[in-house]
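Here is the structure we will look at, set down as structure tokens.
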Amino acid sequence: KPLTPQIVIGANDALHNSWEKGSKIDMDDSPTNGFYSRYYIAATKHFACKDIGELGTHLSYVYNKRKEYKLNGICIGANFRFKLEEEVSVWNKFLNGWNVMAEIYPADGQGTSKVTGEKHYDRGLAIGKYDINIGACYSFWKDHINLYGELYGCKDFSAGLQFKICLK
């Protein structure tokens with residue numbers, strides 16, 4: 001629909017060896033992973049930019065019930081996917097594979113040091129308690145093979161490769 005955003009409700013870390021370890025601090029105070037401890041609600045809306053591409057805007061609220069790693073708050077993101085006329089040039093076809101992204105999310109030091117108990121503040125680009133990430137995705141073959149890369153805090157690199165099978 002032209003004016004209605006899409007709404008998503010979900011949880012992170014559904015399966016990550018938590019059946020044995022649980023989702024809270026163990027009896028010996030050692031942290032375990034966040035099995036069903038992070039929840040979110042998100043709204044997303046995309047806008048066509050005629051003859052150039054599509055701009056996506058995203059707003060969400062994240063709730064994390066882990067005591068040692070609070071990330072509660074509002075997250076904001078945007079992405080731009082190129083959609084140029086492919087018949088014009090090879091350059092247009094190359095650009096159409098790109099989807100660039102940016103996001104701002106609550107981090108507030110991203111946890112604490114296991115040694116000193118102090119918050120980590122060497123987290124790259126941040127505004128107050130919010131960290132800023134930038135990233136991109138390149139689609140190699142009709143959105144079936146995608147290469148992702150992101151700079152967390154605009155400094156720590158992470159990448160991944162995705163193979164997507166569409167069921168129709």
To the nearest 0.5 Å, what is the distance between [atom1] on [X] and [atom2] on [Y]?
| X | Y | atom1 | atom2 | result |
| --- | --- | --- | --- | --- |
| Lys83 | Asn99 | NZ | CG | 9.5 Å |
| Tyr138 | Tyr148 | OH | OH | 14.0 Å |
| Ile52 | Leu84 | CD1 | CG | 7.5 Å |

Is there side-chain contact between [X] and [Y], with at least one heavy-atom pair below 4.5 Å?
| X | Y | result |
| --- | --- | --- |
| Phe94 | Phe82 | no |
| Glu103 | Glu150 | yes |
| His58 | Gln6 | no |
| Met101 | Cys137 | yes |
| Phe80 | Cys49 | yes |

Only one of Ile132, Thr57, Leu59 clears side-chain contact (heavy atoms from CB on, under 4.5 Å) with Ile76; which?
->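 Testing each of Ile132, Thr57, Leu59 against Ile76, the sole residue satisfying side-chain contact (heavy atoms from CB on, under 4.5 Å) is Leu59.
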Do Ile145 and Trp98 sit in the same hydrophobic cluster, where Ile, Leu, Val, Met, Phe, Trp and Tyr count as joined when their side-chain heavy atoms come under 4.5 Å apart?
-> yes
Is a side-chain donor or acceptor of [X] paired with a backbone partner of [Y] at a separation under 3.5 angstrom?
| X | Y | result |
| --- | --- | --- |
| Asn72 | Asn64 | yes |
| His144 | Lys164 | yes |
| Asn133 | Gly153 | yes |

Please report the closest heavy-atom contact between Tyr39 and Ala11, naming both atoms and the distance.
->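 Of all heavy-atom pairs spanning Tyr39 and Ala11, the closest is CD2-CB, 3.9 Å.
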Compare every heavy atom of Phe157 with every heavy atom of Gly149, then report the nearest pair and how far apart it is.
->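 Scanning both residues, the minimum pair turns out to be CA-CE1, 4.1 Å.
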Can we call the ring centroids of Phe140 and Phe163 under 6.0 Å apart?
->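 No, they do not, as the ring centres are separated by 6.0 Å or more.
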Greater than 12 external heavy atoms within 6.0 Å of Ile74's CD1 |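 Incorrect, the count does not exceed 12.
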So Tyr61 and Tyr63, ring pair (Phe, Tyr, Trp, His ring centres under 6.0 Å) or not? Walk me through it.
-> CA-CA 7 Å; Tyr61 181 80; Tyr63 172 73; 7.4 Å; no
